[in-house]
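Working notes, beginning with the structure itself.
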Amino acid sequence: MLQYTNCKISWQQQSIGHIKKKIARVLHIKETDFLDFRITKKSLDARRKPDLVYLYTVVFAVSEEEQVLRRNRKNKNLSVAKESPSLWKRISQVRERENVIVVGAGPAGLFCAYYLSLCGLKPVILEQGEKVEDRVKDIKKFWEQDILSPYSNISFGEGGAGTFSDGKLNTGVKDRSGRKQFVLESFVRFGAAENILYDSKPHIGTDVLQRVIAKMREEMIKRGCEFRFHTKMTELMLTKNCVSGIRYRDVKSEEEGQMSCDRLVLAIGHSARDTFAMLREQNVFLSPKAFAVGVRVQHRQRDIDLAQYGVVDEKLPASPYKCTGKTKEGRGVYTFCMCPGGYVVNASSEEGGLVVNGMSDAARDSGNANSAVVVTVEPEDFGEGDCLAGVRFQRNWEKQAYRISKGKIPVQRYEDFCEGKTTVKGGKIQPCVKGKWEYGNLQKALPKFIKNGIIDGMGQFAHKIKGFDDKDTLLMGIETRTSSPVRIDRDENFVSISTKALYPCGEGAGYAGGIMSAAMDGLRVAMKIQEQCEEGNHEL
């Protein structure tokens, strides 16, 4: 197989036929010479807007590869294709059939359990929320009727918080083992579009991801996995500082029980505050961790497209963006979880507190773009306290945000935010929101250093994206759950440094941030368990 990189195709002619035609012409071969032809990478180059081009990398086969290579030896874009690492080849049936419990059915927990099931284990997955089909109903009821389920909401339930986001699948995590490709290929296997395998910024969309997660669960059940929904872990069962099982409670029936296990994987998510408290009480070592706090900003998508592309055309995808900067105080300020053509959603998980997030469907066609503009918060900002001081910091400002509009999402024009005035009338942007909202004053729900940092950042980002700090830009808040405020410290074997047989992983443990990195971390833990089981290693 051969590989051709940096194939430039106009955005107006992006078809497989155009790609084949160009590469055949450059290499002086016929289109009919291609025996196999696959796109492996696609990205949009908008540096010379509005003259946009797609950059493709493809692998292909021809009957006389050596001759083609020899004739085109001066072409730096042509090379022999290298085989990518494949995690599928590592899968093998383990010798020791141990009992593994996975707590949490977000990306980390699901992919950890899925990989273990492929290795012949039959893990039990505990999830305090509902399976995704029922979770959708609970969230809709909250948005429309203000009836909040503390166990089944944007943060808790099958698929994790990322199921109700943009479904972005890009990550900066380095991967030499093929974990990233394994996740992408698994998503495609369960119903996602194949273009996520090669898009430089792949996304599924919350509507498609819900269906993918349900099909993944069905396959795991066929392989012997057991799912226990609305089941909350309440206590670790410890024997000489080693996990031997867990106690749990059914949050619907209130029935309690216990289960023994050889290994316990904690994939609890960044909002499992009561579980963090329980772990601290049982002397599991936790440490405070930095995170970020801010607001959601919303623009018209066409304005973002024009700024990013120099042209607005329905043939082009809704434009994403990513901005970073530094405040006058030296803090990091950046955009987070950008949702092209998306919605700002009420993502509250506790009574009396308000937090927002962003969400997009696969079509990204709401008409508005949104992202979080957040400022870094360090442990020293929490004030004196224990490892849960960051949780209390988050909770305090979420309660402040709730009071502003009595549980509705406060919405404020940027001009009013800068002047500290309550917005009473909207401008040119109509809010795209899931959940009830009203105009308000977000300054009352933010520490002064966050407010100042947001204003600093908005001005800086406007140098990159024209109109980013327009007076009618809408701010909605607040966003506090950017990442876990604690880390459940683990050693080189991914085991808790304080508690044997306990494997913290994913966002809640402080080792990931987003769907892909969480899923990949779950796979790392599963691979280590596989390795230990194959060796018959009980020394944790």
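Worth knowing before you read on, the calculation uses all heavy atoms, side chains too, and leaves out hydrogens, waters and symmetry mates.
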Salt-bridge present ([X], [Y]; N to O < 4.0 Å):
X      : Y      : value
Glu419 : Lys471 : no
Asp521 : Arg490 : yes
Asp45  : Lys8   : no

Parallel, tilted or perpendicular: rings of [Y] and [X] (30°, 60°):
X      : Y      : value
Tyr414 : Phe417 : parallel
Tyr54  : Tyr56  : tilted
Phe182 : Tyr114 : tilted
Phe393 : Phe449 : tilted

Atom [atom1] in [X], atom [atom2] in [Y]: separation rounded to 0.5 Å?
X      : Y      : atom1 : atom2 : result
Ser517 : Asn170 : OG    : CG    : 10.0 Å
His230 : Ser253 : NE2   : OG    : 8.0 Å
Ile454 : Asp469 : CD1   : CG    : 13.5 Å
Thr163 : Met359 : OG1   : CE    : 11.5 Å
Thr473 : Phe461 : OG1   : CZ    : 13.0 Å
Arg211 : Thr206 : CZ    : OG1   : 10.5 Å

Heavy-atom donor-acceptor pair, [X] side chain to [Y] backbone, under 3.5 Å:
X      : Y      : value
His270 : Thr482 : no
Glu158 : Val132 : yes
Asn368 : Gln430 : yes
Ser366 : Gly342 : yes
Gln282 : Leu236 : yes
Thr324 : Tyr334 : no
Arg487 : Gly510 : yes

Tell me yes or no: between the side chains of [X] and [Y], is some donor less than 3.5 Å from an acceptor?
X      : Y      : answer
Asn346 : Ser348 : yes
Arg524 : Tyr511 : no
Ser271 : Arg481 : yes
Thr423 : Asp416 : yes

| field | Contact list for residues 441-456, test side chain to side chain donor-acceptor pair (under 3.5 Å), sequence neighbours left out | value | Gln412-Asn441
| Going by the side chain to side chain donor-acceptor pair (under 3.5 Å) test, which pairs reach into residues 306-323, not counting sequence neighbours? | Tyr321-Ser371
| message | Out of the candidates Arg135, Lys137, Lys252, only one should pair with Glu130 under the side chain to side chain donor-acceptor pair (under 3.5 Å) rule; please name it. | response | Lys252
| query | What residue among Gln128, Arg228, Lys232 forms side chain to side chain donor-acceptor pair (under 3.5 Å) with Tyr248? | reply | Arg228
Heavy-atom closest pair, residues [X] and [Y]:
X      : Y      : answer
Cys112 : Val525 : SG-CG1, 4.3 Å
Phe156 : Pro150 : CD1-O, 3.4 Å
Phe494 : Pro504 : O-CD, 3.6 Å
Gln298 : Ile429 : O-CD1, 3.6 Å

| request: Just do the side chain to side chain contact (heavy atoms under 4.5 Å, CB included) check on Leu110 and Val102 with the steps written out, would you? | output: CA-CA 8 Å; Leu110 284 175; Val102 177; over 6 Å; no
| task | List the steps, then state whether side chain to side chain donor-acceptor pair (under 3.5 Å) holds for Asn153 with Ser349. | result | CA-CA 6 Å; Asn153 48 57; Ser349 61; 5.0 Å; no
Look at atom [atom1] of [X] and say whether more than 12 heavy atoms of other residues, nucleotides or ligands are closer to it than 6.0 Å.
X      : atom1 : result
Arg392 : CZ    : yes
Lys49  : NZ    : yes
Lys140 : NZ    : no

Quick one: which residue pairs count as a salt bridge (Lys or Arg N to Asp or Glu O under 4.0 Å) with a foot in [range], not counting sequence neighbours?
range            : result
residues 286-299 : Arg296-Glu479
residues 181-207 : Arg189-Glu219
residues 342-363 : Arg273-Glu350, Glu350-Arg395

| task | With sequence neighbours left out, write down each residue that passes ring pair (Phe, Tyr, Trp, His ring centres under 6.0 Å) with Tyr198, or none if nothing qualifies. | result | none
| task | Could you give me the CA-CA distance, side-chain angles and deciding distance for Asp470 and His299, then say whether side chain to side chain contact (heavy atoms under 4.5 Å, CB included) is met? | result | CA-CA 9 Å; Asp470 185 272; His299 303 87; 5.7 Å; no
| field | Between Phe187 and Phe111, ring centroids under 6.0 Å | value | yes
| task | Measure the shortest side-chain to side-chain distance between Leu316 and Asp305 over non-hydrogen atoms and say whether it is less than 4.5 angstrom. | result | no
| said: So if I apply the side chain to side chain contact (heavy atoms under 4.5 Å, CB included) rule between Ile154 and each of Ile139, Val355, Val356, which one comes out positive? | reply: Ile139
| request: Could you give me the CA-CA distance, side-chain angles and deciding distance for Cys432 and Asn370, then say whether side chain to side chain contact (heavy atoms under 4.5 Å, CB included) is met? | output: CA-CA 9 Å; Cys432 284; Asn370 77 79; over 6 Å; no
| Chi angles and distances behind the side chain to side chain contact (heavy atoms under 4.5 Å, CB included) call for Val377, Ile450 | CA-CA 9 Å; Val377 178; Ile450 299 289; 3.9 Å; yes
| task | Run the numbers on Phe336 and Phe291 for ring-ring contact (aromatic ring centres under 6.0 Å, His included), then give the verdict. | result | CA-CA 12 Å; Phe336 172 78; Phe291 54 96; over 10 Å; no
| task | I would like to know whether Arg331 and Glu329 meet salt bridge (charged side-chain N to carboxylate O under 4.0 Å, His left out); could you show each step before the answer? | result | CA-CA 6 Å; Arg331 295 177 184 270; Glu329 298 177 354; 3.4 Å; yes
| said: Testing Lys428, Arg413, Arg300, Lys425 one by one against Asp472 for a salt bridge (charged side-chain N to carboxylate O under 4.0 Å, His left out), which residue passes? | reply: Arg413
